[in-house]
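The first residue of the sequence shown is numbered 1, and numbering continues consecutively from there. Whatever order the structure lists ligands and atoms in, that order sets their numbers, starting from 1.
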Amino acid sequence: MAVLTVGSIALDNIKTQTEEHTGLLGGSASYASVSASFFDRVNLVGIVGSDFPKQHIQLFQERQIDLSGLQIVEGKTFHWAGQYEADMNKRHTLHTELNVFETFTPSLPPSYRGTPIILLGNISPALQIHVLNQIERADFVIADTMDLWITTTRPDLLELLKRIDLLVLNDSEARQLTEDENLVRAGRKILDLGPKYVSIKKGEHGCLLLSRTEFFSCGAYPVEQLKDPTGAGDTFAGGLAGYLASLQKSQITFADLKRATVHGSILASFCVESFSLERLKILSRNELNQRYAFFRAMSHFDE
Ligand code: AMP
């Protein structure tokens, strides 16, 4: 099995209250594909400019990520700059330069078209649909989105929702999309728009997974070394998708999705312990297993 990931590949500038870094590897597809690669093969679809450092390409290669869907074109790589308040749930975008991303039209190599698990990372819903149109057959389609698309391209987003299995979004986006403050009701309203499942992320408070008949609340790992939350959502979605691929099942059940949610949360908990993908780069299987055991213990209680 394998996962197809599409999204942004970026060079980020990030400022927290204590540190500032420039030219970091970022973007939804970078985080998602490295995260998914802990569980299965990854087919990456994205675009970078001629300024994209070779060491980042090497990282993707070391993680055995298939790069035949990566376009490297003349020009500058997508650039994003953000700043966090002392409360790291509060982030401000300082600027966004689309650069080569402005003319990005994802074209899937023939070898990618039968990928069973599809993760449509955070790009415009029109581009997400464009990717989906090139897929011959998929077992499970996941899409991420953001406030920008809910406001600016809502009709495209509504069309996309009819074609996916799972929508991943954060709590404020779920409220914005449904105009409902109650997250459980908001989740149900999203299911009415098309997807079989919805995962609503609540930052450091974990996430909710809903189907029409089932409900799962996943706690977050208690991270003490929170350095940079950038990419946590993409890492979560990538880990979830990679784990589903590793199951090698054409029919995904709610129980599979619960375990996938825990694996995504574990990957995200490591991601935020450093800037960019530094922590994920050195993450070991043993560390993943230890946190999985912690999650199991955390969710058990005596009668
Ligand atoms: P997250 O923290 O999960 O929201 O993801 C942060 C990543 O998204 C950063 O590495 C940015 O480079 C990337 N990003 C920021 N804005 C956009 C955008 N409008 N489209 C695509 N990717 C973006």
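A centroid separation of less than 6.0 Å is found between the aromatic rings of Tyr221 and Phe294.
Comparing Ser8, Gly26, Gly121, Gly7 against atom 13 (C) of ligand 1, the shortest heavy-atom distance belongs to Ser8. The nearest non-hydrogen atom to atom 5 (O) of ligand 1, considering only Asp234, Ile123, Leu24, Asn122, comes from Asp234. Which of Thr230, Thr93, Asp147 comes nearest to atom 6 (C) of ligand 1 through a heavy atom is settled by distance: it is Thr230.
The atoms of ligand 1 that sit less than 4.0 Å from any heavy atom of Ala10 are 12 (O). The atoms of ligand 1 that sit less than 4.0 Å from any heavy atom of Arg91 are 1 (P), 2 (O), 4 (O). Short contacts between ligand 1 and Tyr31, defined as distances under 4.0 Å to a heavy atom of the residue, involve ligand atoms 10 (O).
A cation-pi arrangement is not found for Arg259 relative to Tyr243, the charged atom failing to lie both closer than 6.0 Å to the ring centre and inside a 45° cone about the ring normal.
Summary of contacts: the protein heavy atom closest to atom 17 (C) of ligand 1 is Phe78 CZ, 3.7 Å.
The residue His79 has no part lying near ligand 1, judged by heavy-atom distances below 4.0 Å.
The backbone N or O of Leu191 sits less than 3.5 Å from a side-chain atom of Arg212, completing a donor-acceptor pair.
With no hydrogens or angles considered, no side-chain donor-acceptor pair links Ser284 and Asn286 at under 3.5 Å. With no hydrogens or angles considered, no side-chain donor-acceptor pair links Arg175 and Asn170 at under 3.5 Å.
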Side chains of residues 193-210: which donor-acceptor pairs under 3.5 Å do they make with residues two or more places apart or in other chains?
| from | atom 1 | to | atom 2 | distance (Å) |
| --- | --- | --- | --- | --- |
| Lys196 | NZ | Asp165 | OD1 | 2.4 |
| Glu204 | OE2 | Asn89 | ND2 | 2.8 |

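Among the atoms of Gly27, some N or O lies under 3.5 angstrom from an N or O of ligand 1.
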